[in-house]
There are 2 protein chains.
Amino acid sequence: MQFIRNFTSLFSHLAAPGRHRARVAVACPHDESTLEAVDRALALGIADFVLVGNPEVIAARPFMTAYRDRVELVPELDTDTAAARAVALVREGRADVLMKGLLNTDNLLRAILNKEHGILSPGSVLTHVTATQIPGVDRLIMFSDAAVIPFPTAEQRVAMVAAVAKVCRGLGISSPRIALIHCSEKTSPKFPVTADYAMLREMCAAGAFGSAVVDGPMDVKTACDPHSGAVKGIDSPIAGMADGLIFPDIEAGNVFYKTVTCFSHALNAGMLVGASSPVVLPSRSDDTESKLTSLALACACA
Amino acid sequence: MQFIRNFTSLFSHLAAPGRHRARVAVACPHDESTLEAVDRALALGIADFVLVGNPEVIAARPFMTAYRDRVELVPELDTDTAAARAVALVREGRADVLMKGLLNTDNLLRAILNKEHGILSPGSVLTHVTATQIPGVDRLIMFSDAAVIPFPTAEQRVAMVAAVAKVCRGLGISSPRIALIHCSEKTSPKFPVTADYAMLREMCAAGAFGSAVVDGPMDVKTACDPHSGAVKGIDSPIAGMADGLIFPDIEAGNVFYKTVTCFSHALNAGMLVGASSPVVLPSRSDDTESKLTSLALACACA
């Protein structure tokens with residue numbers, strides 16, 4: 001598999017002849033941008049769908065006729081029941097990806113986390129991974145966690161590294177370089193995160209993350225700018241070439257997400273990793289483009 | 001005074017005929033980039049200097065002759081003594097700005113913090129403010145703290161807001177809009193920083209920061225992108241128009257600093273605020289350009 005460097009290549013990869021198309025269960029696809037993302041994904045040939053929701057909103061869409069063999073409608077008016085049915089489709093193996101439409105995140109999360117009928121195995125950690133396409137950068141950069149885990153425990157950091165590695169591999173990066181982000185290169189008792197990072201480095205050396213290369217602490221510039229590492233004399237197999245970034249907490253992750261979006265016009269795709277299928281959980285304010293790229297990222301990792 | 005929107009205007013402002021030129025005491029100007037920054041500041045007419053250090057390194061520089069009435073040499077071979085003498089020049093009112101050359105940050109900080117001979121009044125908080133010039137953005141954005149205070153206390157956050165307001169005013173922004181950065185717009189007990197932010201908002205309403213407008217919590221995009229606030233329906237006098245950003249901790253501040261530098265090719269100026277004069281404290285790896293802009297920022301706030 002080729003190394004996928006941008007979202008356009010991702011779409012081509014997913015639509016390639018002979019590739020098994022992922023089937024996406026969408027809970028409550030009732031808003032315009034979700035319905036448009038479904039339409040475009042069908043047109044691009046990157047996914048098939050089971051739409052769980054209000055038939056009055058869904059049935060009249062032209063794509064229901066145009067792609068009738070690739071999209072199924074499961075009528076369901078109640079939001080919580082729709083969430084539970086979409087989750088059940090994944091649990092029963094009838095869908096490879098779960099996607100949120102117009103319902104509260106909490107309602108879908110409850111269905112995912114449900115002990116009896118959910119799709120999170122005991123001991124698993126749900127973490128958010130973003131893939132960002134920054135103009136001028138020659139590859140996608142994956143990072144965690146800008147959305148779900150506020151202040152990660154050591155165990156959650158392990159899950160974050162594994163999740164970022166998984167998404168990188170879904171994009172054809174067999175030995176992803178994952179940087180552990182901190183404001184300095186020093187391991188110090190003043191910053192407890194650096195002790196967790198030391199543990200992650202050891203786990204990596206012991207093979208816990210397969211062929212991934214995990215190194216840090218280092219700052220964003222050292223991780224992503226090949227010149228910076230050279231100037232600082234930092235000797236790391238990652239310096240400047242990171243495929244993945246692990247942030248110390250949600251504040252730092254969110255600042256990265258919002259800063260590349262606001263000042264570098266980055267395009268982002270986001271998903272939850274850790275359940276038995278990838279989960280696409282867009283914000284209500286996300287536009288069609290962002291929902292479509294998130295959907296595509298999830299399909300690549302299904 | 002006019003609102004200074006970029007570093008070029010800042011240089012012109014400082015060199016304007018009739019403006020009192022700030023006098024900068026530099027401890028150990030022994031490295032090439034510091035000496036070049038001094039040279040360029042003299043040529044631009046933005047500052048005068050007292051150089052405290054090794055005469056063998058300094059005396060032969062052409063600027064010592066070319067600008068002999070604007071630059072003074074105080075010979076001093078010992079680094080700690082040079083730091084103490086530079087600090088004393090500020091204390092005695094013979095210099096308006098303090099700048100670090102080639103010595104360890106800790107050595108200069110010790111001289112600044114010295115109870116008997118230093119320049120930090122009891123109860124004052126030393127905080128770092130960066131001014132960043134991001135291509136495509138129509139103004140400088142000031143932020144704190146990416147370098148000095150790891151995990152701010154409530155008292156330190158107050159000092160951070162005051163310091164950012166001070167730097168904004170040095171650039172002619174009489175009523176700076178200062179955003180309190182957090183990953184969400186909600187005040188929540190899960191995030192203790194949001195309680196501090198509530199207090200800062202109240203202090204602002206009570207006039208503690210003069211005519212500054214302090215609001216938050218909000219994320220970087222809501223603070224800096226006028227469209228984002230409108231989409232999210234956020235009603236804030238700041239939304240999208242922030243002059244200043246207060247980050248929850250050094251990790252988030254450092255991510256912002258490094259991300260705009262690495263991915264948006266931002267040019268930054270940095271200084272310490274809180275001592276009796278501004279302090280320019282560049283990293284050893286900073287280039288001439290960065291030392292010159294930092295110097296200029298400090299002169300504007302002296």
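Proteins get letters first, then strands, A, B, ... in listed order; numbering begins at 1 in each. Model, not experiment: these values are computed from the prediction.
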### Task
Tell me, out of Asn254(A), Val137(A), Ile181(A), Val260(A), who's got the most heavy-atom pairs with chain B below 4.5 Å.
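Looking at each of Asn254(A), Val137(A), Ile181(A), Val260(A) in turn, Asn254(A) comes out on top.
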
### Message
Out of Ser283(A), Ala266(A), Cys262(A), Ala223(A), return the one with the most heavy atom pairs under 4.5 angstrom to chain B.
### Response
Cys262(A)

### Query
Does NZ or CZ of Arg201(A) lie under 6.0 Å from the centre of the six-membered ring of Tyr197(A), at an angle within 45° of the ring axis?
no

### Query
What part of Phe247(B) is in contact with chain A, defined as an atom under 4.5 angstrom from a non-hydrogen atom: side chain, backbone, both or neither?
side chain

### Message
Is it the case that the side chains of Thr79(A) and Asn107(A) hold a donor-acceptor pair, with the cut-off being a distance below 3.5 Å and no angle test?
### Response
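There is no such pair (donor and acceptor under 3.5 Å, judged by atom type) between the side chains of Asn107(A) and Thr79(A).
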
### Thr259(B) and Thr259(A): side chain donor to acceptor below 3.5 Å
no

### Query
Is Ser294(B) reaching over with its side chain to a backbone N or O of Met271(B), donor-acceptor style, under 3.5 angstrom?
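Not at all, since once roles are kept as given, no pair shorter than 3.5 Å links the two residues.
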
### Query
For Lys291(B), which of Asp31(B), Asp286(B), Asp39(B) qualifies under salt bridge (Lys or Arg N to Asp or Glu O under 4.0 Å)?
Asp31(B)

### Contacting region of Tyr257(A) [heavy-atom separation from chain B under 4.5 Å]
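Neither; nothing under 4.5 Å.
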
### Side chain, backbone, both or neither of Ile134(A) within contact of chain B (heavy atoms, under 4.5 Å)
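For Ile134(A), the side chain is the part near chain B, not the backbone.
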
### Query
Which of the residues His182(B), Glu251(B), Lys190(B) is involved in the greatest number of heavy-atom pairs with chain A at under 4.5 angstrom?
Glu251(B)

